[in-house]
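By convention in this document, chain letters (A, B, ...) are assigned in the order of the sequence lines, proteins followed by strands, and residues within each chain are numbered from 1. Quick note: numbers below take in every heavy atom, side chains included, and nothing from hydrogens, waters or symmetry partners. Just so you know, these numbers come straight off a predicted model, no measurement behind them.
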There are 2 protein chains.
Amino acid sequence: MAGERPEARSGDPRTAGPARRAADRGRYGRLSRARVLASALELVDREGLSALSMRRLGAELGVEAMALYRYAEGKDALLDGLVEALYLELEERLAGQAEASSWRAELQRVARATYEVCLAHPQAVPLLTTRMLAVPLARRPLAVLRNHERVLTLLTGAGFDDAAVVGLFRAFNSWLIGYVSEELRPMVDNPDEEEPAFRLGLHRMPAHELPVLRGVAAALAERGGTEGLATGLDALLDRLAATG
Amino acid sequence: MAGERPEARSGDPRTAGPARRAADRGRYGRLSRARVLASALELVDREGLSALSMRRLGAELGVEAMALYRYAEGKDALLDGLVEALYLELEERLAGQAEASSWRAELQRVARATYEVCLAHPQAVPLLTTRMLAVPLARRPLAVLRNHERVLTLLTGAGFDDAAVVGLFRAFNSWLIGYVSEELRPMVDNPDEEEPAFRLGLHRMPAHELPVLRGVAAALAERGGTEGLATGLDALLDRLAATG
DNA sequence: CAGCGTATGTTTACGCCGTATACGTACACC
DNA sequence: GGTGTACGTATACGGCGTAAACATACGCTG
């Protein structure tokens with residue numbers, strides 16, 4: 001650390017001669033797609049999606065914005081890269097665990113791991129829906145497709161016919177993304193407030209028009225957690241495995 | 001129609017005198033929040049979310065961008081307004097139908113109507129997840145809160161205790177938004193292509209690494225439709241109504 | 001009808017954004 | 001040691017959201 005030039009762009013250009021060797025470019029050496037994506041994800045985790053701009057990310061890496069275009073074709077591709085990064089993290093997490101013995105248990109394991117990755121990067125989760133709605137199947141990041149392959153293999157391996165596999169696959173994905181999205185909806189309006197009702201900002205809602213919502217709002221603010229996730233998934237798999 | 005000035009900003013300002021009466025502002029008379037939101041939604045439906053900018057929407061209404069700030073506090077508020085518009089459309093649709101007799105059937109009716117509204121505005125659907133993740137409960141648009149109230153009322157009216165109500169409510173929302181999101185994922189890569197495999201762009205995927213996905217891709221491209229929606233919802237409600 | 005406050009839309013300007021294009025420059029290889 | 005190339009820089013353009021100051025026509029008061 002101490003030996004590294006802390007800010008590659010500092011110093012008077014008139015006296016510094018060749019200000020930096022090429023390998024010094026970027027705050028800690030050469031760029032790479034992995035470094036760009038890791039830095040982008042970290043930035044999003046720290047400051048939210050809206051803080052992610054090419055210029056800002058460049059600054060984060062000690063580099064001009066245009067340098068990033070060697071590693072992502074544009075901003076959209078960068079966002080797809082973030083999605084890919086999340087799925088790579090999912091693959092790592094799954095690889096670090098023992099596979100379950102039944103297809104049901106294995107799907108539960110995948111679901112749980114996905115949930116955990118999403119909760120670890122809540123600010124990035126919106127990308128899972130928005131980019132998926134922007135990119136056709138065949139252009140999804142490879143890690144996403146590998147995840148699809150994993151789930152589909154599990155289902156066909158369990159002996160379901162094509163129609164059932166498709167139904168189960170869709171239900172699995174739907175429930176997963178829906179559950180996570182619902183789980184991450186912010187409930188607290190004013191974190192500094194002690195009183196639960198004020199914390200939730202209930203005084204902002206038209207009182208008499210929404211009596212039931214007011215009543216259960218506090219309970220709604222709790223999370224369903226992985227139990228809720230597992231319960232719903234179980235219900236769906238039961239039904240569709242029987243029908244299909 | 002014929003009597004209205006087709007383009008309020010046209011004409012030579014040096015000869016036109018007071019170029020327009022105040023009531024002529026905007027392409028068809030005064031602005032209003034409803035008109036702004038309707039125009040925004042139409043623009044999004046027509047050209048996608050990325051086409052929606054303050055300037056562009058202003059032009060659409062025959063008005064400068066800043067004029068819109070009288071009807072929405074900023075771009076984010078405008079997007080929340082779009083979410084509200086979708087829920088208002090849902091309310092209309094529900095009001096135009098007979099209520100179902102059981103709480104189960106009524107939830108199915110609400111789910112189906114929501115699905116239909118979403119499929120009518122596919123380009124706007126990402127807002128349902130992104131804005132929901134950006135806005136705490138108490139600040140959601142009123143129409144959204146009314147929708148929550150409707151569902152919660154249905155559930156408490158059916159006699160469930162608070163814990164069960166919350167579980168069912170969350171499962172309902174999760175499944176709904178997840179199913180719609182999954183349903184709207186684009187599958188076709190090249191609409192001009194005849195051959196199904198090429199249409200899907202399967203040649204872009206690493207063949208040997210994703211054999212199962214390749215095999216079911218065509219089936220995956222079909223939609224689950226309202227049947228799939230109803231089936232999954234039924235499974236969830238069954239399980240959670242029994243457990244809760 | 002006269003005058004005025006207010007509601008409504010315009011103008012101008014600022015800093016940020018994504019990105020096309022042209023350009024240096026240090027490295028790897030012969 | 002010279003050269004091609006991979007990598008990052010520099011500059012520029014049009015569009016974005018929006019703050020602030022401004023113009024104007026309506027509706028109310030007398």
Side-chain angles (χ1 to χ4, degrees), chain A residues 5 7-11 13-14 16-36 39-40 43-44 47-82 134, chain B residues 5 7-11 13-14 16-36 39-40 43-44 47-82 134:
Chain A
R5 191 188 305 264
E7 170 50 84
R9 307 169 68 204
S10 70
R14 291 166 309 185
R20 27 185 147 68
R21 303 181 313 107
D24 280 356
R25 293 190 175 170
R27 212 185 288 283
Y28 303 108
R30 273 187 52 213
L31 288 180
S32 70
R33 180 167 166 87
R35 227 154 66 73
V36 168
S39 194
L43 177 57
V44 169
E47 306 192 27
L49 265 178
S50 62
L52 178 64
S53 73
M54 302 302 274
R55 288 172 158 89
R56 181 72 203 285
L57 179 55
E60 206 82 8
L61 289 157
V63 130
E64 297 301 315
M66 291 310 293
L68 303 173
Y69 283 80
R70 306 257 179 218
Y71 305 94
E73 298 222 351
K75 176 101 192 254
D76 283 354
L78 180 68
L79 296 178
D80 288 337
L82 282 186
Chain B
R5 190 189 306 264
E7 170 49 86
R9 307 169 70 204
S10 69
R14 292 165 308 184
R20 27 186 147 68
R21 303 181 312 108
D24 280 356
R25 292 189 178 171
R27 211 185 289 283
Y28 303 108
R30 272 185 55 213
L31 289 179
S32 71
R33 181 168 165 87
R35 228 153 67 72
V36 168
S39 194
L43 177 57
V44 168
E47 306 192 27
L49 265 178
S50 63
L52 179 63
S53 73
M54 303 300 274
R55 288 172 158 89
R56 181 73 202 284
L57 178 55
E60 206 83 7
L61 288 158
V63 132
E64 297 301 315
M66 291 309 292
L68 303 173
Y69 284 79
R70 307 260 178 214
Y71 305 95
E73 297 220 349
K75 176 100 190 258
D76 282 353
L78 180 68
L79 296 178
D80 289 337
L82 281 186

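Rounded to an integer number of Å, the gap from CG of B/Leu68 to C1' of C/dT10 is 12 Å. Regarding A/Leu78, its CG atom lies at a distance of 14 Å from the C1' atom of C/dC17, rounded to whole Å. Remark: C1' of D/dT9 and CD of A/Glu64 are 6 Å apart, rounded to the nearest angstrom.
Distances were taken from every side-chain heavy atom of A/Tyr71 (C-beta onward) to each of C/dT10, C/dT8, D/dC7; the shortest belongs to D/dC7. Listed nucleotides: C/dA7, D/dT9, D/dG8. Nearest to the side chain of B/Arg30: C/dA7.
Distance check, rounded to the nearest 0.5 Å: CG of A/Asp76 to OG of B/Ser50 gives 8.5 Å. We find the OH-CG distance between B/Tyr71 and B/Leu57 to be 12.5 Å, quoted to the nearest 0.5 Å.
Proximity of A/Leu78 to A/Leu68: side-chain heavy atoms (C-beta onward) are nowhere separated by under 4.5 Å.
B/Arg70 places no side-chain N or O within donor-acceptor distance of the main-chain N or O of B/Leu31, the cut-off being under 3.5 Å.
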Seminar exercise, completed: Given protein heavy atoms under 4.0 Å, the one-letter contact record of nucleotides 16-22 of chain D, with B base, S sugar-phosphate only and - none, is simply BBBBB--
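The pair B/Glu64-B/Arg55 does not count as a salt bridge, with every side-chain nitrogen at least 4.0 angstrom from each carboxylate oxygen.
Minimum heavy-atom separation, B/Ala51 to B/Leu43: O-CD2, 3.8 Å.
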